[in-house]
> 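Have a look at this one.
Numbers restart at 1 for each chain; the letters A, B, ... are given by sequence-line order, proteins then strands.
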Protein chains: 2
Amino acid sequence: MRRDSRLSRMLHVLIHMDRHYKRATSETISKMLGTNAVVVRRTMAGLRDFGYVRSEQGHGGGWELARGLDQITLLDIYEAIGKPPLFAIGPSVDQPECLVEQAVDAKLGDALKEAEALLLERFRTVTIADIAADFDRRMPEGRCNIHGDIHAEQSASG
Amino acid sequence: MRRDSRLSRMLHVLIHMDRHYKRATSETISKMLGTNAVVVRRTMAGLRDFGYVRSEQGHGGGWELARGLDQITLLDIYEAIGKPPLFAIGPSVDQPECLVEQAVDAKLGDALKEAEALLLERFRTVTIADIAADFDRRMPEGRCNIHGDIHAEQSASG
DNA sequence: CCAACTGTAACAAGATAGGTTACGTGTCTT
DNA sequence: AAGACACGTAACCTATCTTGTTACAGTTGG
């Protein structure tokens with residue numbers, strides 16, 4: 001395993017969903033992410049449980065946003081995917097008896113906690129709409145260069 | 001594997017070495033860390049290459065500090081063990097074609113870079129002597145509660 | 001009923017730190 | 001010179017976690 005990419009993937013897909021003219025199926029989303037439909041359902045399940053997206057079963061079903069992108073922060077999504085560990089480094093044991101080791105882990109833990117606080121503060125203050133706005137500045141027509149097939153077809157087909 | 005504990009372990013062992021009255025063998029150190037002598041040699045090899053410790057082969061050999069703990073920062077050790085990844089989260093692919101994905105990764109990357117800069121700044125300004133001082137405040141006699149057997153026996157044995 | 005979806009369980013794959021065994025080499029003691 | 005002691009390193013296995021994949025059950029609409 002390399003690095004947990006669920007947060008990145010979910011942000012990516014939520015922006016696409018916002019520009020999609022109808023519900024997106026897991027299959028469609030999986031092709032967009034270059035992965036498998038089961039992986040999509042698995043990861044999006046958390047977002048559904050937190051009320052950021054809705055899923056409909058059966059014929060014509062799929063996924064849709066349950067609120068605007070300006071109402072969802074990166075922190076929301078981070079929590080919805082289960083707050084996976086942020087850091088790849090850490091102490092060797094959880095509660096060392098050795099007081100030297102305790103001192104090391106305390107100092108190291110302080111630095112990690114500071115960095116984590118900063119990171120989560122950034123996550124808290126950035127909405128997905130902010131990221132979408134960054135994209136719109138680069139692509140004023142609001143159409144993705146790659147996944148254009150599922151984007152903003154409202155005027156053409158609906 | 002859970003989290004990379006090499007940094008924590010190396011800091012731990014360097015403080016013990018500073019209080020040891022003679023060279024410590026990989027075997028001794030491994031018992032202190034609850035691991036294997038090969039793991040110790042493997043990890044300490046980086047510290048040796050950077051000049052923070054020396055190793056002597058053959059009878060009576062082992063490991064010793066090559067400079068004072070106040071001359072080694074956490075950043076030094078982090079670099080000496082090969083700068084392993086700090087974060088457990090990240091983008092799904094390195095250079096996505098999709099511009100939405102690029103916008104997501106850019107925003108996410110900014111937050112991660114800020115947190116990383118803060119963390120490395122802490123690493124840079126904290127010496128191992130600082131951690132040892134924390135320990136000394138708790139254990140004024142300078143003797144570890146667990147690994148006392150290899151500590152500061154100078155007055156008793158030499 | 002059937003086709004199109006989601007929901008989930010179960011298991012394999014890939015990556016990486018860590019653990020273990022084995023063996024080579026250097027060095028001190030006798 | 002022999003032998004014990006200790007590092008250096010390769011090779012292989014294990015554990016853990018995300019991701020990928022297959023299989024199948026349940027739901028919905030024509």
> How many Å lie between CG on B:Leu7 and C1' on C:dG18, as a whole number?
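So the two atoms are 16 Å apart, to the nearest Å.
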
> Can you say whether the rings of B:His16 and B:His12 are parallel (under 30°), tilted (30 to 60°) or perpendicular (over 60°)?
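Ring orientation, 0 to 90° scale: tilted.
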
> Quick one: which residue pairs count as a side-chain hydrogen bond (donor to acceptor under 3.5 Å, both in side chains) with a foot in residues 61-70 of chain A, not counting sequence neighbours?
A:Ser26-A:Trp63, A:Arg54-A:Glu64

> How about A:Thr28 and A:Thr25: does a side-chain donor come under 3.5 Å of a side-chain acceptor?
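Yes - a donor-acceptor pair under 3.5 Å links their side chains.
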
> Give the B/S/- string for nucleotides 23-28 of chain C, one per nucleotide from 5' to 3', where a protein heavy atom under 4.0 Å of the base yields B, of only the sugar-phosphate yields S, and otherwise -.
---BBB

> Would you mind checking if A:Lys113 and A:Glu116 are paired as a salt bridge, meaning a charged N to carboxylate O distance below 4.0 Å?
no

> Can you tell me if the side-chain N/O atoms of B:Ser26 get under 4.0 Å from OP1 or OP2 in D:dA6?
no

> Figure out the CG/P separation between B:Leu33 and C:dG19, and round it to whole Å.
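Taking CG of B:Leu33 and P of C:dG19, I get 9 Å after rounding.
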
> Of the nucleotides D:dG20, C:dG18, D:dG8, which has the atom closest to the A:Asn36 side chain?
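Of all the options, the side chain of A:Asn36 is nearest to D:dG20.
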
> When you measure from the side-chain N and O atoms of A:Thr35 to the phosphate of D:dG20, is any distance below 4.0 Å, counting only OP1 and OP2?
yes

> Looking across every strand, which nucleic acid part, if any, lies under 4.0 Å from A:Arg48 by heavy atom: base, sugar-phosphate, or nothing?
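Sugar-phosphate contact only - A:Arg48 comes under 4.0 Å of backbone atoms but never of a base.
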
> For the side chain of B:Arg9, counting heavy atoms from C-beta on, which of C:dG19, C:dG7, C:dT6 is nearest?
C:dG19

> If I take atom CG in residue A:Asp4 and atom P in nucleotide C:dA15, what distance separates them, rounded to the nearest angstrom?
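Between P of C:dA15 and CG of A:Asp4: 16 Å.
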
> Heavy atoms only: give me the nearest B:Ser8-A:Gly90 pair and the separation to one decimal.
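Result for this residue pair: CB-O, 3.9 Å.
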
> Determine the contact category for B:Arg6: base if any of its heavy atoms lies under 4.0 Å from a base atom, sugar-phosphate if only primed atoms, P, OP1 or OP2 are that close, otherwise nothing.
sugar-phosphate

> Only one of B:Leu74, B:Leu75, B:Thr73 clears side chain to side chain contact (heavy atoms under 4.5 Å, CB included) with B:Arg124; which?
B:Leu75

> Between C:dT6, C:dA17, C:dA22, which nucleotide gets closest to the side-chain atoms of B:Val38?
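Nearest to the side chain of B:Val38 among the choices is C:dA22.
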
> Measure CZ/B:Arg3 against P/D:dC17 and give the value in whole Å, please.
11 Å

> With a non-hydrogen cut-off below 4.0 angstrom, is B:Ser5 in contact with a base, only sugar-phosphate, or nothing?
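Sugar-phosphate, backbone atoms only, no base.
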
> Does C:dT6 have its OP1 or OP2 closer than 4.0 Å to a side-chain nitrogen or oxygen of A:Ser55?
no

> Do the charged groups of B:Lys107 and B:Asp110 touch, with an N to O distance under 4.0 Å?
no

> In this structure, how many angstroms lie between the P atom of D:dT27 and the CZ atom of A:Arg23, rounded?
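Those two atoms, CZ and P, are 17 Å apart.
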
> How far apart are the closest heavy atoms of A:Val93 and A:Asp105, and which atoms are they?
O-OD2, 4.1 Å

> Looking at B:Val53, B:Asp76, B:Leu65, which one forms a side chain to side chain contact (heavy atoms under 4.5 Å, CB included) with B:Leu47?
B:Val53

> Between P on C:dA4 and NZ on A:Lys22, what's the gap in Å once rounded to a whole number?
13 Å

> Hey, can you pull the residues of residues 74-86 of chain A with a non-hydrogen atom under 4.0 angstrom from DNA chain C?
none

> Let's test your reading of the model: under 3.5 Å, does the base of C:dG19 pair with the side chain of B:Arg42 as donor and acceptor?
yes

> Grab the CD1-P distance between A:Ile89 and C:dT16 for me, whole Å please.
17 Å

> Between A:Ile89 and A:Leu112, is there a side-chain heavy-atom distance shorter than 4.5 Å?
yes

> In whole angstrom, what separates A:Met44's CE from C:dT8's P?
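Those two atoms, CE and P, are 14 Å apart.
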
